Amino acid sequence: MAGVIRVVVVDDDALVRAGLAMVLGGNPDLELVGEAGDGAAAVRVVRTNRPDVVLMDIRMPRMDGLAALEALRAEGLPGAVIVLTTFDTDEHVLRALRLGAHGFLLKDTPPLAILDAVRRVAAGEQMLSPSVVRRLVEHVVRDDTAERRATAGRALASLTPAELKVAEAVAEGRSNADISAALLMSVATVKTYVSRILAKLGCTNRVQVAILVHDSRTG
């Protein structure tokens with residue numbers, strides 16, 4: 001069926017996989033095309049089924065989710081990866097950002113929010129809820145606050161006033177649609193601004209933008 005988003009679910013807990021399958025089921029625009037209980041199996045399933053979106057747990061036996069994400073990217077396999085996390089290993093979540101994760105979901109995320117996340121990343125948008133952004137920012141901030149603030153300030157100074165407003169909205173965890181409504185821009189314009197901001201700041205994802213904005217206000 002045209003327009004159907006193909007999804008693979010990866011988690012070592014069979015109950016979690018079953019729950020996610022139930023959440024995805026019954027939606028005509030979503031199709032569960034594969035499941036895996038560890039990272040090694042995930043790579044095989046993605047290689048075989050070529051999904052649009054992968055829901056990936058971090059802590060798993062044999063090969064964890066981060067190693068699987070790295071392997072998927074090394075092979076150039078398709079699938080926007082949404083990391084499933086309980087935030088007990090925040091440094092791993094930050095590593096996932098560098099590996100190109102497209103979004104983060106807490107394992108107690110409401111079903112409708114999971115569906116929204118899958119659709120958003122399938123459309124090319126990174127999915128970072130406000131609660132996830134806040135917790136990631138809290139855990140990435142370390143020592144040398146003054147130096148971090150100065151570095152962030154210099155980076156953000158390269159943005160135009162309009163770009164800075166969009167960056168601040170991104171730092172609040174707002175979606176492109178939310179930013180569009182708040183700043184009276186079309187969604188297409190917001191996407192253009194976000195792409196320009198990422199390029200100017202040398203960021204690869206929206207959380208890195210959020211961290212810079214947070215650092216610029218620290219002190």
Side-chain angles (χ1 to χ4, degrees), residues 5 7-13 16-17 19-20 23-24 30 32 35-36 38-39 42 46 51-60 63-73 77-142 167-179 191 194 197-198 201 203-215:
I5 300 168
V7 183
V8 162
V9 170
V10 183
D11 198 291
D12 64 329
D13 188 330
V16 171
R17 295 199 306 275
L20 289 170
V23 169
L24 296 168
L30 303 175
L32 180 62
E35 299 182 26
D38 62 70
V46 171
D52 302 300
V53 178
V54 181
L55 293 170
M56 180 82 75
D57 188 19
I58 291 182
R59 287 179 172 270
M60 293 183 291
M63 177 187 285
D64 66 24
L66 297 181
L69 175 56
E70 190 168 15
L72 293 176
R73 294 295 172 255
L77 292 172
V81 175
I82 299 176
V83 172
L84 298 171
T85 178
T86 55
F87 280 95
D88 56 350
T89 53
D90 299 279
E91 71 279 6
H92 292 168
V93 177
L94 293 170
R95 181 181 163 211
L97 286 172
R98 294 191 292 270
L99 292 173
H102 289 73
F104 295 87
L105 288 179
L106 298 178
K107 287 197 172 181
D108 60 357
T109 298
L112 288 178
I114 294 175
L115 298 176
D116 178 60
V118 170
R119 292 178 177 121
R120 282 169 57 179
V121 299
E125 184 177 344
Q126 288 182 319
M127 201 299 299
L128 301 166
S129 71
S131 62
V132 170
V133 170
R134 284 194 298 271
R135 295 193 65 171
L136 283 173
V137 167
E138 288 169 3
H139 283 274
V140 79
V141 174
R142 293 294 182 264
E168 290 171 342
V170 167
E172 294 170 0
R174 297 192 182 194
S175 68
N176 288 348
D178 290 340
I179 297 172
K191 289 181 179 179
V194 171
I197 290 165
L198 292 172
L201 299 181
C203 296
T204 59
N205 53 65
R206 294 164 84 105
V207 163
Q208 291 176 344
V209 174
I211 290 168
L212 279 174
V213 172
H214 176 88
D215 284 348

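None of the values given here were measured: they were computed from a predicted structure. We're numbering straight along the sequence, starting at 1.
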Roughly how far, to the nearest 0.5 Å, is the [atom2] atom of [Y] from the [atom1] atom of [X]?
| X | Y | atom1 | atom2 | answer |
| --- | --- | --- | --- | --- |
| Asp38 | Met63 | CG | CE | 8.0 Å |
| Leu84 | Asp11 | CG | CG | 6.5 Å |
| Ser175 | Asp116 | OG | CG | 7.5 Å |
| Arg119 | Ile5 | CZ | CD1 | 6.5 Å |

Can you tell which of Val10, Val83, Asp12, Asp13 makes a side chain to side chain contact (heavy atoms under 4.5 Å, CB included) with Asp57? Asp12

Closest heavy-atom pair and its distance - Ala169, Ile179: CB-CG1, 3.6 Å

So, for Val213 and Ala167, which heavy atoms are closest and what is the spacing to 0.1 Å? CG2-O, 3.9 Å

Can you name the residues that form a side-chain contact (heavy atoms from CB on, under 4.5 Å) with Val23, not counting sequence neighbours? Pro111, Ile114, Leu115

List the atom pairs, donor and acceptor, that lie under 3.5 Å between side-chain atoms in residues 65-73 and the rest of the protein, sequence neighbours left out.
from, atom 1, to, atom 2, distance (Å)
Glu70, OE1, Arg95, NH2, 3.1
Arg73, NH2, Gly79, O, 3.2

I want to check something: taking the side chain as every heavy atom from C-beta on, are [X] and [Y] in contact at a cut-off of under 4.5 Å?
| X | Y | answer |
| --- | --- | --- |
| Leu32 | Val9 | yes |
| Ile197 | Val170 | no |
| Val54 | Val7 | no |

Test side chain to side chain contact (heavy atoms under 4.5 Å, CB included) on Leu198 and Val194; report intermediate values, then the result. CA-CA 6 Å; Leu198 292 172; Val194 171; 4.1 Å; yes

Quick one: does Arg206's side chain have a donor or acceptor within less than 3.5 Å of a partner on Arg174's backbone? yes

